Amino acid sequence: MQKIIELTNKYIVLTTPLILYSLFSSIYITISVNGGKLINLIFAVLLFFLMTGAFFAGWFNMIKLAITNQNRDYSNSLLKEFISGVGEYFLPSLVGVLVIFIISVLALIISYHIGMQIIGDLGIPADVLSSIKSHTIDPKTFITGLSAEQLIKINLWNLLVLANIAIAYFLCFLYMPALFLKNKNPIIAFWISLKDLFSKKIFHSFGIFISIFVLNFLISMFSTIFSENLFIHFILTLLNFYFITAVGVGVFYYYYNNFVNNKLGQNVDIEI
């Protein structure tokens with residue numbers, strides 16, 4: 001943990017692309033959603049997908065080089081590697097984003113079918129839900145008007161969806177490190193990441209994943225609680241950027257030292 005913090009602090013420049021991507025994508029999504037027409041929305045989603053693929057390619061390439069060359073004299077020189085990463089990993093990252101998206105959608109579909117079989121329908125009309133989304137109905141008023149049975153069902157649905165999404169993310173936990181450190185083919189890399197995930201280090205990997213999941217939940221919860229306090233919310237936002245960067249560095253560091261570095265020189269498919 002100390003080594004990861006040291007590397008994150010040394011290569012704090014890694015937060016720059018992350019902040020810029022987050023800022024630009026937030027503005028872009030806000031403008032696109034207000035566009036209105038379906039064709040404009042589809043075009044906006046496609047551009048956002050391409051933008052995310054480019055960000056993944058450049059940012060994860062920077063993290064890869066930070067991990068594989070920890071003695072770099074000038075940490076700011078990593079910024080130059082963003083563009084080269086986009087050129088080298090754009091298509092693999094694009095397919096990687098698509099793979100993660102498909103797995104996430106499948107998790108939601110599975111959640112729906114399991115929920116309908118075990119938990120059942122909430123009994124809330126679709127027009128009421130639409131009114132909540134459009135802020136026609138106050139969410140607090142809506143919740144107080146629900147029965148005890150409906151509240152229990154809502155909580156069960158939330159737990160079910162959260163559990164399935166967590167499983168989906170766990171399956172993708174080592175995907176990006178495998179793509180950038182072992183094989184550029186996104187399909188082969190995903191298969192490699194699953195083999196590494198379910199190796200003898202699975203409990204170690206699961207422990208790291210749960211720690212990240214819980215910390216992310218806590219930061220998100222506090223950000224929601226203090227959303228009206230601008231100063232605290234700003235500090236938590238900066239903390240969140242630092243946390244995401246540390247997670248990226250930490251996962252790549254863990255993968256490199258446990259599944260790549262100790263395999264170099266052996267007859268395995270590893271690209272560095």
Side-chain angles (χ1 to χ4, degrees), residues 21-22 25-26 28-30 32-33 35 38-53 55-56 92-135 137 139 142-143 146 149-176 178-179 186-187 189-191 193-194 197-198 202 205-206 208-221 223-224 240 244 247-248 251:
Y21 167 76
S22 179
S25 60
S26 297
Y28 179 75
I29 290 173
T30 302
S32 302
V33 169
L38 179 61
I39 186 65
N40 292 340
L41 185 60
I42 294 174
F43 185 69
V45 170
L46 179 61
L47 284 180
F48 179 72
F49 173 66
L50 294 173
M51 181 173 64
T52 302
F55 167 72
F56 273 27
S93 295
L94 205 60
V95 178
V97 171
L98 182 60
V99 169
I100 294 173
F101 174 76
I102 291 173
I103 292 174
S104 300
V105 170
L106 287 175
L108 292 175
I109 293 173
I110 292 171
S111 297
Y112 172 77
H113 287 288
I114 293 176
M116 291 300 292
Q117 291 292 327
I118 299 176
I119 303 172
D121 187 70
L122 293 174
I124 302 172
D127 58 335
V128 175
L129 294 176
S130 299
S131 298
I132 297 171
K133 292 179 181 179
S134 61
H135 303 290
I137 297 178
F142 167 74
I143 292 174
L146 295 175
E149 182 182 358
Q150 287 176 316
L151 288 173
I152 292 173
K153 283 186 176 182
I154 287 176
N155 289 327
L156 290 175
W157 270 103
N158 287 335
L159 287 174
L160 176 64
V161 173
L162 183 64
N164 279 328
I165 289 296
I167 292 172
Y169 286 168
F170 180 62
L171 293 176
C172 301
F173 183 49
L174 302 178
Y175 184 27
M176 286 299 137
L179 181 65
I187 306 303
F190 183 67
W191 173 247
S193 72
L194 288 179
L197 183 65
F198 291 99
I202 183 171
S205 299
F206 183 72
I208 295 174
F209 173 79
I210 288 296
S211 300
I212 294 171
F213 195 81
V214 170
L215 287 172
N216 180 63
F217 176 79
L218 290 175
I219 293 174
S220 300
M221 182 182 68
S223 296
T224 303
N240 189 47
I244 294 173
V247 167
V251 173

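None of these values were measured; they are calculated from a predicted model.
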Distance-minimising heavy-atom pair for [X] and [Y]:
X    : Y    : result
C172 : I100 : SG-CG1, 4.1 Å
G96  : P186 : N-CB, 4.3 Å
L160 : I119 : CD2-CD1, 4.1 Å
A107 : I165 : CB-CD1, 4.2 Å
M116 : D121 : CE-CB, 4.2 Å

**Request:** Using a cut-off of 6.0 Å, state whether more than 12 heavy atoms not belonging to F49 lie near its atom CZ.
**Result:** yes

**Request:** Return yes when atom OH of Y112 has more than 12 non-hydrogen atoms of other residues, nucleotides or ligands closer than 6.0 Å, and no otherwise.
**Result:** no

To the nearest 0.5 Å, how far apart are [atom1] in [X] and [atom2] in [Y]?
X    : Y    : atom1 : atom2 : value
L194 : F173 : CG    : CZ    : 13.0 Å
T52  : F101 : OG1   : CZ    : 11.0 Å
F170 : S205 : CZ    : OG    : 6.0 Å
L106 : I109 : CG    : CD1   : 5.5 Å
L218 : L215 : CG    : CG    : 6.5 Å
L159 : S111 : CG    : OG    : 11.5 Å

**Asked** For V251 and I212, what are the C-alpha separation, side-chain angles and deciding distance, and is it a side chain to side chain contact (heavy atoms under 4.5 Å, CB included)?
**Response** CA-CA 10 Å; V251 173; I212 294 171; 4.0 Å; yes

**Message:** Between L108 and N164, does the side chain to side chain contact (heavy atoms under 4.5 Å, CB included) criterion hold? Intermediate values first, please.
**Reply:** CA-CA 7 Å; L108 292 175; N164 279 328; over 6 Å; no

**Prompt:** Hey, does I103 have a side-chain heavy atom less than 4.5 Å from the side chain of F190?
**Reply:** yes

**Asked** Under 30°, 30 to 60°, or over 60°: which ring-plane class applies to F48 and Y21, parallel, tilted or perpendicular?
**Response** parallel

**Request:** Kindly determine whether H113 and Q117 satisfy side chain to side chain contact (heavy atoms under 4.5 Å, CB included), including the steps that lead there.
**Result:** CA-CA 6 Å; H113 287 288; Q117 291 292 327; 5.6 Å; no

**Request:** Take Y169 and F209 through the test side chain to side chain contact (heavy atoms under 4.5 Å, CB included) and record every step on the way to the result.
**Result:** CA-CA 9 Å; Y169 286 168; F209 173 79; 4.0 Å; yes

